[in-house]
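Here's the structure, in structure tokens; my notes come after.
Proteins get letters first, then strands, A, B, ... in listed order; numbering begins at 1 in each. We use all heavy atoms of the structure for the numbers below, so side chains are in, but hydrogens, waters and symmetry mates are not.
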2 protein chains.
Amino acid sequence: MFQKATLKNISAQLSISISTVSRALKNHPDISPETKKRVTDLAKLIEYEPNGHAVSLRTSNSRVMAIMVPEISNYFYHSFISSVEEEARKTGYTIIILQSADDHEIETENLRLCRLNRIAGIFVCPSASNTNLSAFLKLEEYGIQVIFFDKVPDYEACNKVSLADASAASLAADVIQKKKKKKILGLFGKTNLSITQRRLKVFEDRFPKTDRNTTLYIEHVHSSDDAEKTASKYLSKRSLVDTIFCMSDEILTGVMKAINKKNLKIPDKVSIITISNGFMPTLYFPQITYVETSGYKLGKLAFSRMISCLNGGSFKQEVFANAVLIEGGSI
Amino acid sequence: MFQKATLKNISAQLSISISTVSRALKNHPDISPETKKRVTDLAKLIEYEPNGHAVSLRTSNSRVMAIMVPEISNYFYHSFISSVEEEARKTGYTIIILQSADDHEIETENLRLCRLNRIAGIFVCPSASNTNLSAFLKLEEYGIQVIFFDKVPDYEACNKVSLADASAASLAADVIQKKKKKKILGLFGKTNLSITQRRLKVFEDRFPKTDRNTTLYIEHVHSSDDAEKTASKYLSKRSLVDTIFCMSDEILTGVMKAINKKNLKIPDKVSIITISNGFMPTLYFPQITYVETSGYKLGKLAFSRMISCLNGGSFKQEVFANAVLIEGGSI
DNA sequence: ATCAATTTCGCAAACGTTTGCGGAAACCTT
DNA sequence: AAGGTTTCCGCAAACGTTTGCGAAATTGAT
């Protein structure tokens, strides 16, 4: 017969009170060594595990954190998730994951679930459509910590961890200038994203129109296919560009298709440099030189922020994960 | 002042009993329409949400499922996760994520967490090192459903959902034969994996050594780099092979590097066909023809199995997600 | 031997629900 | 008017913990 492993059960078998068992298991000084031993031995024998729900109910804090992203199937997000999960496991937290599908309704419904489950905190990359933070701020009334990451809102009084977009773009620009490239095609994402704006600004500053030596063509693309078409257009004109800068992995894949289609040699015919989360650039030959903005690092950073917030010892702030150049052979 | 939204609170404000409030909120027939309205109105006003932990404690079943994979950062796994999460949300379940890092200790520790949290069920892709199922079977004593996916154990009496490995390989073989390819290099993964064995067997059957018209070279590789080296070796010998079959995405990426390095034209110089989860093959030009074994589909399948198990109406069995050919231009 | 200090433990309430059961009131029957 | 139904609601126990407080038992000091 299967007997449930509970404090009550142990207390009955040892004819001591439940409270004594509870204290014995947490090594409370009030309990004598002998009693502790009897309790822990039996607990081990019947494989006692505290009931998480009872504990959470009693203590009103669960060791659970949530991560909400627009979609999981994205190398950046799941490297972030993976990273946070790693830390969480070490510190005895479990992670629940939520997809918003970039849908505001799903997003708020997910937040409801978080309240319902009385989670300790949530990491969230808000959906693009969402401008209304009230649902998030309400979480804080419940004592649930909120850490925004990646696409962080402009609103000041919240915790944010984000990539050092400006310095990442700056690193890429450094390389381009050091290699004395003169005719650059910069492929950027959607204009309205802050990430795009920050990266674009760096390039515009570093390669000003007034500089007669170098020319920078700027194009905004909104998909991999789009990037392929645009790159193809530029590459068709003989020696119009000598370098292509891609703002993201998605853009890079499109560009690489265009290059493979035309069978252009990298970096002889055209140089490539990209900003990436770290996987895509290694798929090609030669491997693409890229500035790494790692979801992994961001995850670690976010987690440590979460812990400080949980301990109450931290005020609202924005912190950045720095970027690093990974040299390939593409420029 | 922040007042907690609980049944007790509502009952006090309306001077009715807690049980009445509880029943009113679940639309129990015992409660009169007027009372129901009073309760639901107030509940909405103070934004009442049932405390998940209290509910789980009382009913001893939480609406939480877990997914454990060796690592999240893998296209197949996270398409699986994403797929399951989607269904879970629709049915009011939440998903917790666990990584085993292919480490048996972490794996059992994770299972402990599952018991502790009294989850409803778990989807698990066991770590490769693990041959001992006892920890999983113990979960069932706790009433926790276990569904193995992808790398399922041989053990009979458990629920498994897996990819139709044999038919996937068979589909690929069909294409190779239809295209009248004669000199085939088949690159397979680690020998001890059942997935490798099943796929390999199909190829050995379909291209028997006795057939003097076609030759099949079989190699086992254990990483992307390994695949690159091996492919490179074969490709160096002029017209030794006309077709390369890759068992997985990982292998494909290695092979493609080798091909790009030698700047061989696909499919003129060499044809490629692979089994894939659906993303990698689209990265190249021409896109690689592949047999799709989708984590997404497998997720849907696994979830529906989970639900049947939860409803108690199902016996242990293994089911398969079928494979489908996606034509690219690589063969 | 007396009293105080210490060690060791148990009582009981609380966390927020769910649910079987029983009971009061109101409503039909005949 | 008596008995039988039906409608509506509350009591109380239970889920498995944690924890403040008090009390018994032991120890030590004088």
Side-chain angles (χ1 to χ4, degrees), chain A residues 2-40 42-43 46-64 92 115-120 142-143, chain B residues 2-40 42-43 46-64 92 112-113 115-120 142-143:
Chain A
F2 175 66
Q3 67 160 341
K4 279 188 290 185
T6 66
L7 293 185
K8 186 193 290 189
N9 199 317
I10 297 181
S11 86
Q13 294 193 40
L14 263 39
S15 2
I16 53 180
S17 79
I18 295 181
S19 24
T20 303
V21 177
S22 171
R23 290 191 173 97
L25 288 172
K26 347 185 93 53
N27 206 18
H28 191 287
D30 266 11
I31 309 298
S32 71
E34 309 102 283
T35 314
K36 276 183 191 166
K37 178 151 174 40
R38 293 207 305 146
V39 171
T40 50
L42 181 54
I46 68 174
E47 298 183 304
Y48 168 78
E49 300 284 350
N51 182 311
H53 298 298
V55 175
S56 298
L57 177 58
R58 175 56 223 249
T59 63
S60 66
N61 76 65
S62 66
R63 292 187 78 76
V64 174
R115 293 201 306 273
L116 197 143
N117 286 327
R118 302 296 194 276
I119 62 166
Y142 281 74
Chain B
F2 175 65
Q3 68 160 343
K4 279 188 289 186
T6 65
L7 293 186
K8 187 194 290 191
N9 198 317
I10 297 182
S11 86
Q13 294 192 41
L14 263 38
S15 7
I16 53 180
S17 79
I18 295 180
S19 23
T20 303
V21 177
S22 172
R23 291 192 171 98
L25 288 172
K26 338 187 98 53
N27 207 16
H28 191 286
D30 264 13
I31 310 298
S32 71
E34 309 103 281
T35 315
K36 276 182 191 168
K37 180 154 173 36
R38 293 207 306 146
V39 170
T40 49
L42 181 53
I46 68 175
E47 297 182 307
Y48 168 78
E49 300 282 351
N51 182 312
H53 298 297
V55 175
S56 297
L57 177 58
R58 175 55 225 248
T59 63
S60 66
N61 77 64
S62 66
R63 291 187 78 76
V64 174
R112 200 183 67 84
L113 275 179
R115 294 200 304 272
L116 196 143
N117 284 327
R118 303 296 195 274
I119 62 166
Y142 281 73

Between CZ of B/R118 and C1' of D/dT17 the distance, given in whole Å, is 11 Å

Taken in chain and number order and not counting sequence neighbours, the residues that satisfy side chain to side chain donor-acceptor pair (under 3.5 Å) with A/T35 are A/S32

By nearest-nucleotide position on DNA chain D, the 5'-leaning member of B/V21 and A/T6 is B/V21

For B/T59, the side chain to side chain donor-acceptor pair (under 3.5 Å) test, sequence neighbours excluded, returns none

Contacts of A/K26 meeting salt bridge (Lys or Arg N to Asp or Glu O under 4.0 Å) (sequence neighbours excluded), chain-then-number -> none

Does a side-chain N or O of A/K8 approach OP1 or OP2 of D/dC15 to a distance below 4.0 Å, or not? yes

Closest to the side chain of A/Y48, out of C/dT17, D/dC9, D/dT17, is D/dT17

Give a yes/no answer on whether the side chain of B/T35 brings an N or O atom under 4.0 Å of OP1 or OP2 in D/dC9.
yes

note: B/R63, atom CZ; C/dT17, atom C1'; distance rounded to Å ~ 16 Å

Whole-Å distance, A/N51 CG to D/dT17 C1', equals 8 Å

Taken in chain and number order and not counting sequence neighbours, the residues that satisfy side chain to side chain donor-acceptor pair (under 3.5 Å) with A/R115 are B/E49

Can you check whether B/S17 has a side-chain N or O nearer than 4.0 Å to OP1 or OP2 of D/dC11?
no

B/H28 NE2 to C/dG20 P, in whole Å, measures 8 Å

Taking B/N51 for the side chain and B/H53 for the main chain, is one N or O donor matched with an acceptor at less than 3.5 Å? yes

From CD of A/E34 across to P of C/dT8 the rounded distance in Å is 7 Å

Whole-Å distance, B/L57 CG to C/dG16 C1', equals 9 Å

Sorted by chain and number, sequence neighbours left out, side chain to side chain donor-acceptor pair (under 3.5 Å) with A/T20 holds for A/S17

B/K36 NZ to D/dT7 C1', in whole Å, measures 12 Å

Rounded to whole Å, CG of B/L7 lies from C1' of C/dA14 at a distance of 16 Å

**Prompt:** Does A/T40 reach the side chain of A/L25, with side-chain heavy atoms less than 4.5 Å apart?
**Reply:** yes

Closest to the side chain of B/P33, out of D/dC8, C/dG10, D/dG16, is D/dC8

Nucleotide by nucleotide, nucleotides 19-27 of chain D touches protein heavy atoms under 4.0 Å in the pattern (B base, S sugar-phosphate only, - none) BBB------

